[in-house]
Amino acid sequence: MYYTKLLIPTLREEPGEAEIISHKLMLRAGMIRKLAAGIYNYLPLGYRVLRKIETIVREEMNRAGAQEIFMPMVLPAELWRETGRWDQYGKELLRLKDRHDREFCLGPTHEEVVTDLIRKEVKSYRQLPLNLYQIQSKFRDEIRPRFGLMRGREFIMKDAYSFDIDEACAEESYRKMFEAYNSIFRRCGLIFKPVEADSGLIGGSFSHEFMVLADTGEEAVVSCDACGYAANMEKAEGKSQKSEVRSQKSEYDLLPLERKTTPGKKSVEDVAAFLGVAKEQLVKTLLMRGGDKVVAVLVRGDHELNETKFARILNVTEVELLAPAEVEKATGAPSGFSGPVGLKDILVIADSAVKGMANFVVGGNEKDMHLINVSMERDFTPDQFADVRNVQEGDGCPRCETGKLIIVRGIEVGHTFKLGTKYSVSMDATYLDEAGRPQHMVMGCYGIGVSRIIAAAIEQNHDKDGIIWPAAIAPFKVIILPLNMTSGNVKTTAESIYKGLSEKGVEVLLDDRDERAGVKFKDADLLGIPVQIVVGDKGLNRGIVEIKTRATREVKEVAVEQLILSWEI
RNA sequence: CGGGGUGUAGCGCAGACUGGUAGCGCACCUGCUUUGGGAGCAGGGUGUCGGAGGUUCAAGUCCUCUCACCCCGACCA
């Protein structure tokens with residue numbers, strides 16, 4: 001392809017709308033342009049990368065036995081009402097009406113549609129298992145789209161759905177997808193990690209997220225430094241190092257409970273500093289609403305509540321912190337002074353790291369008042385202990401004896417769920433077994449953020465000058481840089497190299513613009529094509545061209561006549 | 001949805017407080033020179049100053065409403 005024939009509007013300056021590096025570089029490299037918040041045009045270069053990724057995804061999905069289909073983007077409301085998600089999904093579901101006033105939504109995911117298809121077409125156990133996938137635009141009306149393709153409202157997703165006769169077969173289908181996903185991300189040239197995840201709103205029994213490791217990732221990835229354990233923050237469990245070992249009551253003399261005035265000291269930092277104790281000697285009391293109940297949660301001062309775990313304990317889909325006025329009503333004191341001692345008619349759940357603590361500090365349920373030397377059981381007894389906190393770096397691994405947990409950032413590019421019968425039951429998708437009895441199909445669903453992979457790949461592969469594409473997803477493999485288009489020798493040599501490589505099946509971009517060398521170098525670095533072939537008079541006088549690797553900037557001089565002959569794809 | 005901010009040329013921005021012919025850099029077009037890391041000189045403005053009302057002799061600037069976008073938070077594959 002000739003550069004002047006392609007629309008590649010590179011920018012010298014960083015557009016103000018972009019915050020993170022992948023978004024900036026995609027705009028600067030002329031890959032995408034924004035149409036509306038979270039909605040983007042793909043220009044030729046961006047689309048080529050997208051297609052590369054799609055091809056890898058298709059090949060691996062097909063290899064794993066999945067079949068490609070294509071479902072509509074506009075979905076009728078009735079299907080969503082059948083599973084209850086028309087009401088559950090909230091504002092993220094973009095709803096619209098047709099001319100007859102019938103209700104529809106733009107598809108954010110396709111469990112309902114595919115289940116409807118299968119329940120109509122599949123009747124017998126002989127037709128199973130089935131795994132159907134599509135690569136398609138999804139629309140989720142995100143509260144706050146940001147970071148370009150990383151969190152768009154319209155985005156391109158590969159979604160697959162498996163249907164099996166029973167749990168064991170469903171797990172086999174899941175395992176195949178898990179392996180296909182590993183192959184896909186490996187082939188895309190990404191450094192990634194599959195982690196255990198909470199299954200969230202889509203529901204189901206277990207689930208993995210595939211995380212591309214990058215400092216700018218939006219999610220925290222927890223993993224063990226000794227064994228293979230890895231989970232996302234919502235799901236990760238850990239053994240607390242300090243409280244469970246050091247703060248055993250038996251090792252301490254219980255001191256008498258005391259009241260201390262702590263004027264205006266509300267935060268853990270302030271109270272700890274004021275009283276001259278460590279943050280981990282405090283216990284926070286958070287008043288939360290889950291469903292229609294108000295619950296007090298106790299978490300050690302240096303720990304954070306994990307709302308996902310907490311919601312699961314309460315068996316509700318979401319929990320929220322009470323507003324200050326509600327806290328005052330529930331405890332009799334302004335927020336910041338809540339404590340478990342003397343709380344009435346409120347369920348108290350304590351994080352397991354609080355178990356066995358002694359001589360600690362809690363709020364006094366009175367303005368400007370805290371209690372010190374509080375001890376479990378003597379002064380109060382929680383209704384329940386449970387793991388409701390975020391793990392911290394250095395916590396013990398829950399799976400092995402010696403491992404310590406480490407935390408890195410990741411970008412979620414894939415998610416696999418074992419759904420079980422959640423949708424087949426609510427939508428009555430059944431098959432007849434060998435005995436002729438109707439049984440619910442057991443399902444799985446598997447998503448890959450195809451467009452997000454582009455952003456993730458750039459987050460992981462760039463330098464100060466631009467993108468450095470992994471070869472498998474690069475828009476071109478080679479860019480030829482004739483440094484002076486007015487030199488006949490340079491021009492014809494560049495063109496013959498272009499022709500030679502093209503005939504060998506190499507995807508080549510020839511920068512035939514009449515630009516100065518500096519401009520071509522800068523743009524080539526920005527675009528991130530893995531190999532640059534530099535053709536200049538200087539080199540040609542010695543009969544050579546330079547082959548430069550974008551990633552390392554290593555330059556190899558090669559005789560012109562040798563170049564095509566010795567080229568290895 | 002709450003808080004903050006920004007809309008002026010393709011991109012980055014100034015001009016607004018204090019109303020008086022819409023500007024700067026880059027990009028773009030023409031010509032000449034130049035040509036190995038974002039060239040120089042000369043010429044060219046490509047703009048409903050986000051939109052609608054209003055105040056005024058006069059509005060990019062003041063007032064009201066509105067739309068879009070960005071950031072923080074809550075939320076989320």
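Just so it is clear: chains get the letters A, B, ... in the order the sequence lines come, proteins before strands, and each one is counted from 1. The figures that follow rest on heavy atoms only: side chains count, while hydrogens, waters and symmetry mates do not. Model, not experiment: these values are computed from the prediction.
Rounded to whole Å, the C1' atom of B:rC11 lies 22 Å from the corresponding atom of B:rU30. Between the P atoms of B:rC67 and B:rG51, the separation comes to 15 Å (whole Å). Atom C1' of B:rC29 sits at a distance of 36 Å from the matching atom of B:rG5, rounded to the whole Å. For the P atoms, the distance linking B:rU61 with B:rG20 amounts to 11 Å, nearest Å. Between B:rC49 and B:rG60, the two C1' atoms lie 5 Å apart (nearest whole Å). With both ends at atom C1', the span from B:rA14 to B:rU6 equals 15 Å, rounded to whole Å. Nucleotides B:rG47 and B:rC13 place their C1' atoms 15 Å apart, quoted to the nearest Å. Using P as the reference atom, B:rG37 and B:rA77 are 50 Å apart when rounded to the nearest Å.
A:Tyr161 places its OH atom 11 Å from the C1' atom of B:rA77, with the value rounded to the nearest Å. The distance from atom CG of A:Leu27 to atom P of B:rG10 is 16 Å, rounded to the nearest whole Å. If you take NZ of A:Lys522 and P of B:rC11, they are 23 Å apart, rounded to a whole angstrom. Rounded to whole Å, the distance from CZ on A:Phe139 to C1' on B:rA77 is 14 Å. One interatomic measurement links the two molecules: CG of A:Leu526 to C1' of B:rG38, which rounds to 11 Å at whole-angstrom precision. Taking atom NZ on A:Lys548 and atom P on B:rG37, their separation rounds to 10 Å, with Å as the unit. Rounded to whole Å, atom C1' of B:rA39 lies 15 Å from atom CZ of A:Phe521. A straight line from CD of A:Gln532 to P of B:rG37 spans 14 Å, rounded to a whole angstrom.
Salt bridge present: A:Arg85 and A:Glu112 bring a charged side-chain N and a carboxylate O closer than 4.0 Å. Between A:Lys91 and A:Asp141 no salt bridge is recorded (no basic side-chain N to carboxylate O distance below 4.0 Å). Look at A:Arg151 and A:Glu142 and you find a salt bridge, because one of the NZ, NE, NH1 or NH2 atoms lies within 4.0 Å of a carboxylate O, short of that distance. A salt bridge between A:Arg175 and A:Glu171 is absent, with no side-chain N of the basic residue lying under 4.0 Å from a carboxylate O of the acidic one. A salt bridge between A:Asp523 and A:Arg28 is absent, with no side-chain N of the basic residue lying under 4.0 Å from a carboxylate O of the acidic one. Taking 4.0 Å as the cut-off between side-chain N and carboxylate O, A:Arg409 and A:Glu219 do not count as a salt-bridged pair. In summary, A:Asp525 and A:Arg553 engage in a salt bridge, as defined by a charged side-chain N under 4.0 Å from a carboxylate O.
Base contact: A:Arg28 has a heavy atom under 4.0 Å from a base atom. Nucleic acid contact for A:Glu234: none, since no nucleic acid atom lies under 4.0 Å from a heavy atom of the residue. Nucleic acid contact for A:Ser487: none, since no nucleic acid atom lies under 4.0 Å from a heavy atom of the residue. A:Gly536 comes within 4.0 angstrom of a nucleotide base, judged by non-hydrogen atoms across all strands.
Shown here, B:rA16 forms no base pair; nothing in the strands shown gives a Watson-Crick or G-U wobble contact with both key distances under 3.5 Å. Remark: B:rG2 base-pairs with B:rC72. Criterion, Watson-Crick or G-U wobble with two distances under 3.5 Å. Nucleotide B:rA77: unpaired (no Watson-Crick or G-U wobble partner with both distances less than 3.5 Å). The partner of B:rA42 is B:rU30, by the rule that a Watson-Crick or G-U pair needs both atom distances under 3.5 Å. The pairing partner recorded for B:rC62 is B:rG54, the criterion being a Watson-Crick or G-U wobble arrangement whose two distances lie under 3.5 angstrom. In this entry B:rA22 has no Watson-Crick or G-U wobble partner, no candidate having both defining distances under 3.5 Å.
The shortest distance between side-chain heavy atoms of A:Met211 and A:Val413 does not fall below 4.5 Å.
Under 3.5 Å, the side chains of A:Thr83 and A:Tyr423 contain no donor-acceptor pair of N or O atoms. A:His462 and A:Glu459 share no side-chain donor-acceptor pair at under 3.5 Å.
Between A:Val535 and A:Glu92, it is A:Val535 whose nearest contact on RNA chain B lies nearer the 5' terminus. Between A:Arg513 and A:Val319, the residue anchored closer to the 5' end of RNA chain B is A:Arg513, taking for each the nucleotide with the nearest heavy atom.
Taking every side-chain heavy atom of A:Glu142 into account, B:rC76 is the closest of B:rG37, B:rC76, B:rU35. Ranking B:rG37, B:rC75, B:rA77 by closeness to the A:Arg553 side chain, first place goes to B:rG37.
Here the two rings, on A:Tyr174 and A:Tyr181, have centers that are 6.0 Å apart or farther.
Using a 4.0 Å cutoff on non-hydrogen atoms, the parts of residues 5-15 of chain A near RNA chain B are A:Arg12, A:Glu13, A:Glu14, A:Pro15, ordered by number.
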Write down the protein N/O and nucleotide N/O pairs, taken from nucleotides 69-73 of chain B, whose separation is under 3.5 Å; answer none if there are no such pairs.
residue: B:rC69; atom: OP1; partner: A:Ala37; partner atom: N; Å: 2.9
residue: B:rC69; atom: O3'; partner: A:Lys34; partner atom: NZ; Å: 2.9
residue: B:rC71; atom: OP2; partner: A:Arg144; partner atom: NH1; Å: 3.4
residue: B:rC72; atom: OP2; partner: A:Arg144; partner atom: NH1; Å: 2.9
residue: B:rC72; atom: OP2; partner: A:Arg144; partner atom: NH2; Å: 2.4

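In this view, A:Glu237 satisfies the salt bridge (charged side-chain N to carboxylate O under 4.0 Å, His left out) rule with no residue, not counting sequence neighbours.
A donor and an acceptor atom never sit less than 3.5 Å apart when one is taken from the side chain of A:Asp537 and the other from the base of B:rG36. A donor-acceptor contact under 3.5 Å links the side chain of A:Asp523 to the base of B:rG38.
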